[in-house]
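Some notes on the structure that comes next.
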Amino acid sequence: MSAPMTTPRRSNHTSNRDDGDRVELTHRLLKEAAAAPDDEERRRLQDEVIVLNTGLAESIARRYAKRSEEQSDVTQVAYVGLVNAVRRFAPDRGIDFISFAMPTITGEIKRFFRDQGWTVRPPRRIQDLHRQITAATSHLSQTLGRSPSPEELADHLGEEVADVNEALSCRSCYTPVSIDAPTRTEEGTSLSDLLGADDGNFDRSEATTALQPLCRELPERDKRILYLRFFHGWTQQEIAQELGVTQMQVSRLLARILGHLRTRLGSLEAGDGHVKGRREASGSQPAARRRRAA
């Protein structure tokens with residue numbers, strides 16, 4: 001029985017040789033592109049360099065895995081950075097292409113996270129401080145052997161503690177929790193189930209509070225009509241039989257009573273606004289006199 005076939009592994013020497021060949025070919029193609037007689041030929045040679053170095057862009061993109069953005073989107077942004085690096089590279093500056101391309105690709109990815117990664121975008125100042133805190137936290141954690149406090153971060157960065165706390169709190173802006181996410185309760189309810197809603201009784205309570213003193217001023221018959229209509233839910237015909245009048249008369253009485261209450265409510269609101277305006281005016285007059293005296 002023959003042994004199963006196995007795929008031979010590439011040795012490190014082979015991998016290093018391939019990388020060396022790629023670097024050499026990239027350098028040669030870029031020099032030819034710089035000396036190309038026309039734009040079409042220059043673009044063709046640069047496109048060859050881009051295809052040859054897609055692995056570089058992919059390896060840099062993999063450093064930003066496990067972020068909130070899709071890895072495929074980050075890889076596409078890395079490709080954009082690679083294209084920009086190839087188009088801008090000048091062989092006569094004396095630096096190799098890899099040293100120029102890596103920061104260009106990395107910068108493109110960081111701009112992508114800065115501009116597109118925030119679900120709720122905080123101010124630019126807070127974004128920049130947040131990145132500084134991330135780097136400082138890693139450094140101070142190694143030095144202190146524990147996570148640094150906001151005060152230690154502020155002292156290290158030369159920032160105010162309040163600004164550091166604001167930047168730390170903006171982490172939730174990057175990946176906020178969904179309101180449909182389950183909460184840590186035995187019932188397993190979602191966050192949306194715990195959010196409050198407008199209480200319809202507020203308007204009713206406010207209207208009742210405003211109408212109570214006005215209703216007390218009404219004649220007894222008007223009070224009884226309102227009581228039977230709105231508290232007992234009687235029809236106009238039932239109220240008419242109770243009072244010994246016609247249904248049409250009850251309808252006119254209700255219209256008169258309600259119109260009177262609306263007018264009284266309107267006059268009270270206008271009076272409150274007038275008093276408030278007089279208070280504001282009287283409060284501003286001493287200040288105006290003080291300014292004139294000064």
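Environment of OH in Tyr227: sparse, with no more than 12 heavy atoms of neighbouring residues, nucleotides or ligands closer than 6.0 Å. Around atom NZ of Lys31, no more than 12 heavy atoms belonging to other residues, nucleotides or ligands sit under 6.0 Å away. Annotation for Arg146: atom CZ counts as buried by contact number, over 12 foreign heavy atoms lying within 6.0 Å. In this structure, Arg43 places its CZ atom where only 12 or fewer heavy-atom neighbours from other residues, nucleotides or ligands lie under 6.0 Å away.
From Arg262, atom CZ reaches atom CG of Leu258 across 5.0 Å, with rounding to the nearest 0.5 Å.
Classification of Asp47 and Arg87 as a salt-bridged pair holds, one side-chain N sitting under 4.0 Å from a carboxylate O. Ionic pairing of Arg44 and Glu48 is present here: one or more N-O contacts between side-chain nitrogen and carboxylate oxygen are shorter than 4.0 angstrom. Under the 4.0 Å criterion applied to side-chain N and carboxylate O atoms, Arg28 and Glu32 are assigned as salt-bridge partners.
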Steps toward side-chain hydrogen bond (donor to acceptor under 3.5 Å, both in side chains) verdict (Glu58, Tyr79): CA-CA 8 Å; Glu58 292 167 356; Tyr79 288 152; 2.4 Å; yes
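Of the options Leu25, Leu82, Val86, a side chain to side chain contact (heavy atoms under 4.5 Å, CB included) to Asn53 is made by Leu82 and by none of the others.
Looking at Gln237 and Gln247, their side chains never bring a donor and an acceptor atom within 3.5 Å of each other.
Ring pair His232/Trp234 is perpendicular by interplanar angle, where above 60° counts as perpendicular and below 30° as parallel.
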